[in-house]
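Count residues from 1 along the sequence. In this text the structure is predicted, and so the values were computed from the model without any measurement.
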Amino acid sequence: VKYMFRESLPLAKTKFGAYIEDKTNFIKIPHAKKQLEVLTSLIKSTFDAYGSVGIFDPEKLASVDFLNHPDELVQLVMETNETESVDLLKMKEVTKNWMQYMITRNFPPLTPHHTQAFTMLMMSRFYADYLKELNELRDADGGGQKSSGGGLFGFFSRPKLELRAFIAQMATGEGKSIVIAMLAVFMIQLHGLKVHVLENNEGLLDRDFATYEPFFQAFGIKCGIDPLDPEAQVVYCLKARINNLFMRKMLEGKLDEVLGQTVIIVDEVDDLVVNENPNTNYVKEDAQRTPDLRKCFAALTQDAFMMPKGVLDERMWEQARKAVKEAEARVEGKDYRIVEENGQKVGVILVDGVIPKVRRTAMWIAYINYKLSKTEPIAESPFATVCTPYVFNKYRGIFGLSGSVGGQAELNYLASTYGAVKFEVPRFLDTCTGDARKVVVNHGVELMGNEAAMIARVVQLCLQWVRKVPILVITSGADELLKVHRAVRECNGIVAEEVQRFSLFDEQGRSLKSEWETLTADATKRLGGPSDNRCRVTVTDRFGGRGHDYQVMDKIANANGGMLVIATSVPDEREWIQWRGRTARQDRPGQYQVILNRQAPPFSDHSGLAEQLVGLRTPDEKLSRLLEVADENIGATLKRYELDQELGELVNEMTEAYFKMHPRNFDETWPSPEHREHDVLLRALFEQVQNTKACTVKEFQKMAKDKLGIALSDDSGGWQLSSLWRPKRQAELYGAAGTSGAQQS
């Protein structure tokens, strides 16, 4: 409401146009000439569609008392003329339904910002102008995987940048969620597609689904949270649900029928930039081997030395003994975590100290769970390999919104893997007259001698600021969260009950999901009376550092600089933008301070880095250097997994081809009674690849052809059109196709 009369359409057009006019924006962009050409065309078509007035005539706004008579603003929006484009008419319909929904919730019926409308229209035009025809050619050819190694195009088409994705870098707090919802309506009603919205965490999923389901209902669009629901036209989901859908439809031989008619909208590009092993080996209960494993585990819990009677496969006894030794060597809190699910304690494998979005499984964790709660073990064997980029590239189109795309390495990866065009969306307040944006204050980057000194300094800062502003402490992980939370609670001068723990799980491993909304709302409330008023301290980890809206409405806090974010580590730029974005939201002030442990990464693995920082003059210079180091690590990680991804895409292609030849229901016994002869061969192939120290692409092609009779897309034994442009595959891949099986979703 405050900026209704200050938002300027001419200024918004100027800011959007300035991005493509400033050639420095394209210095680090891969395929800069092509990206500039695409963005120039999209911005022009968006401006043409939006017209010179936009959603409503701003000159008429002054005569509308929309706060007391909100329907008058709705009527103003719905005024049309003959020259308005199809896109603008649909935009007005979207706006009308959004406003009416806001009225039912007793909120002012505000229209989308020009920045939000422009971004959504650019994405819609990107599909219409660049993806629609390409996908129709692909359909006519009978389908085909659009892998990062090379796509399937028309005979005379050979673009240098194989356009498949549009990434909008949109600052935190700028309204990504409404852009996603509007784009979903356009994709469904203008292009006849379905939409998957990939959320970054469960809290965001619950919030956005609850907010936008009634909005979609106004269009007669069914919104859901289960991708397997055939009636749902737009689905909000997490990565594990998408993998589950992918797996089920691949086994049914119907993958293209589903994902080929669906676009995916990714809320944060973190799920696209795969800076971990991109390949997951999926396993299922092996009906042939499970009886043997149960006998082996039962004997081993009794310290048996001899293989029990009735075990048919001696190899299972050896594997079970090895699993027991490995389980005894694994460290709780480092290799696995015990959580409580459905009233039962469960051991969960950790990856880089956190529970991964797609849970891992292994025989050693099965033994731990067998001892923990007598969970009946099942023998698992590989039946499919899924490569993350392969999954995303099966969609009709990819759209991403992100607070930050990242550095050079991420830009190169997005362009080469997904054919992504990147655009940086101007901030809303920059499209308003006057100067309303507040500066985020960096109070310093401090290096402490050890962990204890770092925690003591964090506690000192909390005590210093707790009466002035709300405090959000973002720790580096679960162990540090526990230590910092306890230390702050024990500080004299801070009320222990007013120090919150905000994380996925509590100290006992129980989910805190039911408390997330309350914790977020309470984080910024002022407490006490005139003589002892104070704020809360919220201690979190990466979970609380992104996607949660900490609204600081307190005048005293904003007068004191806004919420203080204290970070005990500096992640890569994409993550850091999110952390910093928890403060100074919209037009409110913000501040942060970084307190680091010299004995922890990145100092422990970058000799001389601490001395470099001491030699830099300003906090911003120190922070920039730390972000450079983090981004260098990202680049090295992406490079390290380059060959894994290359082979993984090929293995995934083979997996899909196999199940097209031998389709079945996902829940069928493995190996399938109907296809047992071939399933045993597939199982043997996966185990051979996993046990091979080094596997080249050519070697895998030969394995697939010899064992299963499957000729892959660039097998030299058969010529295909896509072979014209597919680059030669590289040499050797170690640790082929991932190193651990993923738990069935």
Strictly by modelled atom types, are Gln408 and Asn412 linked by a side-chain donor-acceptor pair under 3.5 Å? yes
Donor on one side chain, acceptor on other, Asp87 and Ser85, under 3.5 Å: no
To the nearest 0.5 angstrom, please state how far the [atom1] atom of [X] sits from the [atom2] atom of [Y].
X	Y	atom1	atom2	answer
Ile20	Asn25	CD1	CG	10.5 Å
Ser402	Met170	OG	CE	11.5 Å
Met78	Leu73	CE	CG	12.0 Å

Side-chain donor or acceptor of Glu268 paired with backbone N/O of Gly403 under 3.5 Å: yes
Is a side-chain donor or acceptor of Asn393 paired with a backbone partner of Pro389 at a separation under 3.5 angstrom? yes
Is the shortest side-chain N to carboxylate O distance from Lys660 to Asp256 below 4.0 Å? yes
Is there a ring pair (Phe, Tyr, Trp, His ring centres under 6.0 Å) between Phe399 and Tyr127 once you walk through the steps? CA-CA 9 Å; Phe399 299 98; Tyr127 179 82; 7.1 Å; no
Pair Tyr50 and His114, ring centroids less than 6.0 Å apart: yes
Side-chain atoms of residues 51-58: list all donor-acceptor pairs with protein atoms under 3.5 Å, sequence neighbours left out, distances to 0.1 Å.
unit_1 : atom_1 : unit_2 : atom_2 : d
Asp57  : OD1    : Glu59  : N      : 3.0

Output side-chain donor-acceptor pairs under 3.5 Å for residues 185-195, partner residues at least two apart or in another chain, one line each.
unit_1 : atom_1 : unit_2 : atom_2 : d
Gln189 : OE1    : Lys90  : NZ     : 2.6
Gln189 : NE2    : Phe219 : O      : 3.3
Lys194 : NZ     : Pro230 : O      : 2.7

Residue pairs fulfilling side-chain hydrogen bond (donor to acceptor under 3.5 Å, both in side chains) with at least one residue in residues 211-231, sequence neighbours excluded: Lys222-Asp229
